[in-house]
Amino acid sequence: MIRKYITLCLFAVALVTLSSSAIAQTMCLPKLTMVKVISSKFSEQETEYGIDNGSLGYVGVYVNAKTKAFTFTMTPKGKPSILCAIATGTQWEQLPGISKGIISDGSLISISYNKDSGIWQLLYVNKATGDISVVTHGNSWERVIDLNASST
């Protein structure tokens, strides 16, 4: 369990380092402040979320429905009132049982999930090496906004 938490932390540091977005460089803010910044500056709304099994932290994806730009967020272990922007990117896409997007270095993050059970896993595909890593997994994944719906 400690190894998985360390892997998740290293992944978060790597994504923040790779990202050129100002919000990712800010990294962590009080949750309400972060949500307000994501909403007002980037017109992104929370579209999906779940619970990370390793840290028991909240994981969320905020997406601009028109541009498909996104911010991947999570709460640090034991700090539910803090929200961290772990990665930002473009081309967020929702398919049955999977959501994915391209982060700023051109690598791919992908969340596969079971709609009935809510069990999910986060994959990272490194553009430079082609390596695929299972970063973390969890439960209670829910897609609250369907970006493919005609009303978006």
Side-chain angles (χ1 to χ4, degrees), residues 1-19 21 23-39 42 44-64 68-148:
M1 185 147 133
I2 292 174
R3 183 173 184 219
K4 186 171 276 276
Y5 182 71
I6 291 170
T7 301
L8 181 60
C9 288
L10 290 174
F11 172 74
V13 170
L15 288 178
V16 170
T17 302
L18 294 172
S19 178
S21 169
I23 194 165
Q25 291 171 2
T26 301
M27 204 161 149
C28 300
L29 294 169
K31 187 173 183 177
L32 295 177
T33 302
M34 180 68 82
V35 170
K36 185 176 179 180
V37 168
I38 290 171
S39 175
F42 304 107
E44 294 177 2
Q45 292 182 301
E46 185 175 49
T47 60
E48 307 178 44
Y49 62 85
I51 303 298
D52 177 70
N53 281 353
S55 68
L56 300 179
Y58 160 89
V59 174
V61 182
Y62 291 75
V63 181
N64 179 309
K68 304 303 188 245
F70 70 91
T71 303
F72 184 84
T73 65
M74 74 180 300
T75 58
K77 185 173 186 167
K79 297 184 180 182
S81 63
I82 301 295
L83 189 62
C84 299
I86 302 301
T88 60
T90 60
Q91 302 175 43
W92 192 257
E93 182 178 13
Q94 294 177 329
L95 303 168
I98 191 167
S99 296
K100 60 184 180 174
I102 306 297
I103 59 174
S104 60
D105 75 337
S107 296
L108 174 86
I109 62 171
S110 173
I111 298 167
S112 60
Y113 70 99
N114 181 299
K115 184 178 179 179
D116 295 327
S117 68
I119 295 173
W120 59 272
Q121 71 175 359
L122 173 65
L123 300 174
Y124 171 74
V125 182
N126 185 306
K127 179 186 177 188
T129 66
D131 291 339
I132 301 171
S133 305
V134 176
V135 178
T136 191
H137 64 282
N139 61 75
S140 304
W141 194 262
E142 186 173 341
R143 188 178 279 174
V144 292
I145 295 178
D146 180 356
L147 297 173
N148 300 314

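Residue numbers run from 1 in the order of the sequence given. Bear in mind that the values here come from a model prediction, so they are computed numbers and not experimental data.
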When V35 is tested against each of L83, L29, T73 for side-chain contact (heavy atoms from CB on, under 4.5 Å), which residue passes? L83
At their closest point, which heavy atom of [X] faces which heavy atom of [Y], and how far apart are they?
X	Y	answer
Y113	I98	CE2-N, 3.8 Å
I102	F70	O-CE2, 3.6 Å
T71	E44	OG1-OE1, 2.6 Å
T75	I82	CG2-O, 3.1 Å
S107	K127	OG-N, 2.9 Å
Q94	L147	OE1-N, 2.6 Å

Rounded to the nearest 0.5 Å, what separates atom [atom1] in [X] from atom [atom2] in [Y]?
X	Y	atom1	atom2	value
N126	D105	CG	CG	7.0 Å
N114	N139	CG	CG	12.0 Å
H137	D52	NE2	CG	7.5 Å
W141	I119	CH2	CD1	14.0 Å
M74	I51	CE	CD1	9.5 Å

Mind running side-chain contact (heavy atoms from CB on, under 4.5 Å) on I111 and V61 for me, showing each step along the way? CA-CA 10 Å; I111 298 167; V61 182; 4.0 Å; yes
Under a 4.5 Å cut-off applied to non-hydrogen side-chain atoms, are [X] and [Y] in contact?
X	Y	value
N64	W92	no
D131	Y124	no
F72	L122	yes
K100	L95	yes

Answer yes or no: does atom CD of Q121 have more than 12 heavy-atom neighbours from other residues, nucleotides or ligands under 6.0 Å? yes
Taking everything shown except L32 itself, do over 12 heavy atoms lie less than 6.0 Å from its CG? no
Given the rule in the side chain to side chain donor-acceptor pair (under 3.5 Å) test, do W120 and E48 qualify, once you have shown the distances and angles that lead to the verdict? CA-CA 11 Å; W120 59 272; E48 307 178 44; over 6 Å; no
